K.L.:
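Please read through the structure below; I'll follow up with questions.
Order of the sequence lines sets the chain letters (A, B, ...), proteins ahead of strands, with each chain counted from 1. Computed from heavy atoms alone, side chains included, the values below leave out hydrogens, waters and symmetry copies. Please read these numbers as outputs of a predicted model, since none were measured by experiment.
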Protein chains: 2
Amino acid sequence: MGTGLDLPLDSVLRGDCIESLKRLPPASVHAIFADPPYNLQLKTELRRPDDSLVDGVDDAWDRFDDLATYDRFTREWLTECRRVLRRDGTIWVMGSYHNVFRLGVALQDLGFWILNDVVWRKSNPMPNFRGRRFTNAHETLIWAARGEESRYRFNYAAMKSMNDDKQMRSDWLIPLCTGNERLRGPDGTKLHPTQKPEALLHRVILACTAPGEVVLDPFLGTGTTAAVAKRLGRRFIGLERDPGYADAAEARLATIEPLSESVALALPAKREQPRIPFGALVERGLVPPGTKLWDRHRRWQAEVGVDATLRCGRVAGSIHQVGAAVQEAPSCNGWTFWHIERRDGTLRVIDELRAELAPGS
Amino acid sequence: MGTGLDLPLDSVLRGDCIESLKRLPPASVHAIFADPPYNLQLKTELRRPDDSLVDGVDDAWDRFDDLATYDRFTREWLTECRRVLRRDGTIWVMGSYHNVFRLGVALQDLGFWILNDVVWRKSNPMPNFRGRRFTNAHETLIWAARGEESRYRFNYAAMKSMNDDKQMRSDWLIPLCTGNERLRGPDGTKLHPTQKPEALLHRVILACTAPGEVVLDPFLGTGTTAAVAKRLGRRFIGLERDPGYADAAEARLATIEPLSESVALALPAKREQPRIPFGALVERGLVPPGTKLWDRHRRWQAEVGVDATLRCGRVAGSIHQVGAAVQEAPSCNGWTFWHIERRDGTLRVIDELRAELAPGS
DNA sequence: GGCATAGATGAATCACAAT
DNA sequence: CATTGTGATTCATCTATGC
């Protein structure tokens with residue numbers, strides 16, 4: 001709808017994130033990654049339910065005020081995020097047990113539709129020094145679509161190939177951000193207390209966006225989301241209220257080179273490739289009319305007609321319809337159900353023949 | 001203070017759990033384990049790729065009209081649990097992403113003090129059959145004290161000794177309840193759709209109770225909590241509304257013999273040998289996207305994509321698939337076939353990089 | 001009996017384009 | 001917007017069957 005022209009792409013917007021969000025056009029970003037602040041620091045940044053400013057040294061704060069204020073803040077920025085998110089977009093929100101339950105409830109109450117909760121398992125967590133609890137070795141990421149009916153993007157094949165050709169699970173083992181990746185000041189101290197590892201953002205961005213799409217981070221910090229988005233050939237918008245963090249993020253982004261298009265493009269999933277109708281195989285002579293097809297166990301046999309229909313006894317129709325009918329199943333993928341006979345008598349599934357018609361072969 | 005005399009110890013109480021809770025004396029149990037309905041909201045049937053039907057949870061007890069109804073129910077039973085819990089007691093509440101955020105917020109709002117969120121990583125979860133999400137491979141347990149100032153019990157040494165003398169982390173790898181452990185009816189069907197593994201309760205009860213202390217389960221089901229409590233020499237109180245489940249739990253409990261503490265401790269945590277997928281090297285930057293790989297004799301060269309696929313001419317796929325394709329071999333171990341180039345121009349097999357990520361190195 | 005292969009199954013919010 | 005037809009999609013583990 002042309003709203004893309006108003007988007008401040010590939011930039012870091014300074015100032016209050018809710019104010020910045022309100023200036024972005026609706027339904028304009030494909031993905032949001034949010035690592036909101038929590039813990040006591042919040043007390044200095046937030047307002048009470050009655051909108052009064054909170055004094056950071058106010059000892060009168062009780063637990064209810066604390067949680068209610070946090071909830072109010074959470075719902076405010078999530079509401080704006082939902083407005084800015086495209087209908088087919090998804091959002092990632094991460095937190096620890098201190099705040100993640102409040103984040104999840106806010107998401108559900110605002111109409112987001114949770115797709116997964118993902119556990120970032122830290123391979124090198126901080127030990128529990130006092131020995132009074134389990135080592136807090138993970139954080140939680142909630143992945144949600146804008147609504148229940150959203151047709152969101154999930155790059156299933158890319159995730160599967162990342163995981164040695166097995167489905168990617170909801171528990172991810174990734175080390176903390178340390179070593180050279182950790183941004184440090186001239187005195188060697190870390191620039192940001194909770195800098196996230198690029199590997200985490202790599203997986204997040206690769207899972208739910210395509211090259212050229214827009215990733216928004218309302219709590220950019222020192223810019224990990226933007227850096228990984230840029231490297232992967234995505235566009236980014238980062239919001240950050242702390243000038244020091246924003247400076248560090250911009251300096252970091254200037255050093256990032258996008259990967260070449262061919263490398264950044266994940267292999268397309270089967271469902272994203274052009275469809276080849278069965279009729280094409282018949283026309284091209286790979287399955288001439290009159291060919292007999294069998295199921296894997298040779299329990300059923302059918303014959304191909306000139307119009308690419310199958311006939312099996314009194315049943316006739318598409319490869320899918322006849323496959324379903326003979327099995328008395330509600331549906332059937334004829335491509336993987338039916339086989340042709342090789343000269344040596346062995347069977348070959350007709351789905352393999354489609355590959356021979358695919359472009360580039 | 002003597003309230004123990006009123007406790008219906010080592011018994012299964014039938015009927016509505018809230019009514020039963022209200023009849024228990026205050027501050028009387030040392031630990032609570034609650035596995036409440038998840039409110040899964042399944043809408044349609046789900047079939048596997050082989051067209052078989054997935055036997056999902058469609059029981060009436062898991063259905064709630066809306067989230068507000070679920071929240072009211074949650075707060076009602078949690079309020080009674082808090083009344084019944086001793087001041088030094090702790091509570092475990094488990095759920096999935098459908099309900100666990102509501103549970104966590106209710107706990108916090110009612111004054112419980114969250115100590116950990118623990119992730120039960122399933123070693124054998126059900127796959128995602130349609131390829132539309134990450135495999136839902138875990139559930140979450142929230143462990144909380146009655147309040148912020150509670151002096152709760154955490155058996156640090158027991159947990160540590162169970163975990164190969166390292167601190168027990170917040171992510172636990174435990175298989176589903178299957179095989180002989182799964183209770184079945186005379187027709188072989190499962191008695192309860194969500195029976196939990198005894199290994200999970202073993203760790204829970206051992207972590208936060210001493211022998212002789214009282215464990216309460218307000219949603220007993222077929223009695224896993226009570227069975228493990230009895231075996232570990234703890235007292236139990238189980239609440240269950242469904243007479244069939246209660247019958248099964250009582251029959252099960254009759255077969256349990258208490259173990260000695262030393263025997264119980266000897267059950268070690270499942271040790272894990274982490275599998276390092278090639279994708280981990282890519283997203284962690286050890287083999288950045290765009291890297292060129294060679295075989296040992298430099299006969300073939302391939303480029304690494306962002307999704308950890310290799311591309312070599314028209315061939316694309318995993319390191320194993322592409323290795324096999326270029327050699328026209330039926331299979332190939334990509335880890336030992338492909339090499340990266342060092343700065344000095346010599347080659348290094350990528351399997352060595354994987355070894356660097358393995359623990360203990 | 002032993003071994004190989006096939007079948008079953010687990011807390012699941014599980015399509016989408018063309019008409 | 002509703003309907004229809006194509007066709008994409010599974011991992012670890014335990015049990016049953018067959019040779």
K.L.:
Honestly, is Arg241(B) close enough over Phe219(B), meaning NZ or CZ under 6.0 Å from the six-membered ring centre and within 45° of the axis?
P.N.:
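Ring-cation test returns no.
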K.L.:
Give one of base, sugar-phosphate or nothing for Glu139(B), where a contact means two heavy atoms less than 4.0 Å apart.
P.N.:
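Glu139(B): base contact, heavy atoms under 4.0 Å.
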K.L.:
Between Asp62(B) and Tyr38(B), does the side-chain hydrogen bond (donor to acceptor under 3.5 Å, both in side chains) criterion hold? Intermediate values first, please.
P.N.:
CA-CA 6 Å; Asp62(B) 196 51; Tyr38(B) 285 11; over 6 Å; no
K.L.:
Taking only side-chain N and O atoms of Arg151(A), does any of them lie within less than 4.0 angstrom of OP1 or OP2 on dA17(C)?
P.N.:
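Checking Arg151(A) against dA17(C): at least one side-chain N or O falls below 4.0 Å of OP1 or OP2.
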K.L.:
Within the 4.0 Å heavy-atom criterion, would you say Asp51(B) contacts the bases, only the backbone, or no part of the nucleic acid?
P.N.:
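Answer is nothing: Asp51(B) stays at 4.0 Å or more from every strand.
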K.L.:
Does anyone know the first and last nucleotide of DNA chain D in reach of chain A, 5' to 3', at under 4.0 angstrom to a heavy atom?
P.N.:
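Range of nucleotides touched by chain A: dT6(D) to dA12(D).
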K.L.:
Given that Cys332(A) and Pro127(B) both sit by DNA chain D, which one's nearest nucleotide is further toward the 5' end?
P.N.:
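In this pair, the answer is Cys332(A).
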K.L.:
Decide side-chain hydrogen bond (donor to acceptor under 3.5 Å, both in side chains) for Arg252(B) and Thr224(B); before the verdict, give the C-alpha distance in whole Å, the side-chain angles of both, and the deciding distance to 0.1 Å.
P.N.:
CA-CA 9 Å; Arg252(B) 176 184 189 176; Thr224(B) 305; 3.1 Å; yes
K.L.:
One thing to verify: whether Arg86(A) and Asp88(A) come together as a salt bridge, which I'm taking to mean a side-chain N less than 4.0 angstrom from a carboxylate O.
P.N.:
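Yes, charged N to carboxylate O under 4.0 Å.
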K.L.:
Please report, rounded to the nearest Å, how far the P atom of dG10(C) is from the CG atom of Leu46(B).
P.N.:
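Value for this atom pair: 13 Å.
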K.L.:
Using the ring of Trp335(B) (Phe, Tyr or Trp, six-membered ring only), decide whether Arg354(B) places NZ or CZ under 6.0 Å from its centre and within 45 degrees of its axis.
P.N.:
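Satisfied, under 6.0 Å and within 45°.
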K.L.:
Quick check: on DNA chain D, is the nucleotide nearest Arg48(B) upstream (toward 5') of the one nearest Gly179(B), or the reverse? Name the residue that is more 5'.
P.N.:
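Nearest-nucleotide comparison on DNA chain D picks Arg48(B).
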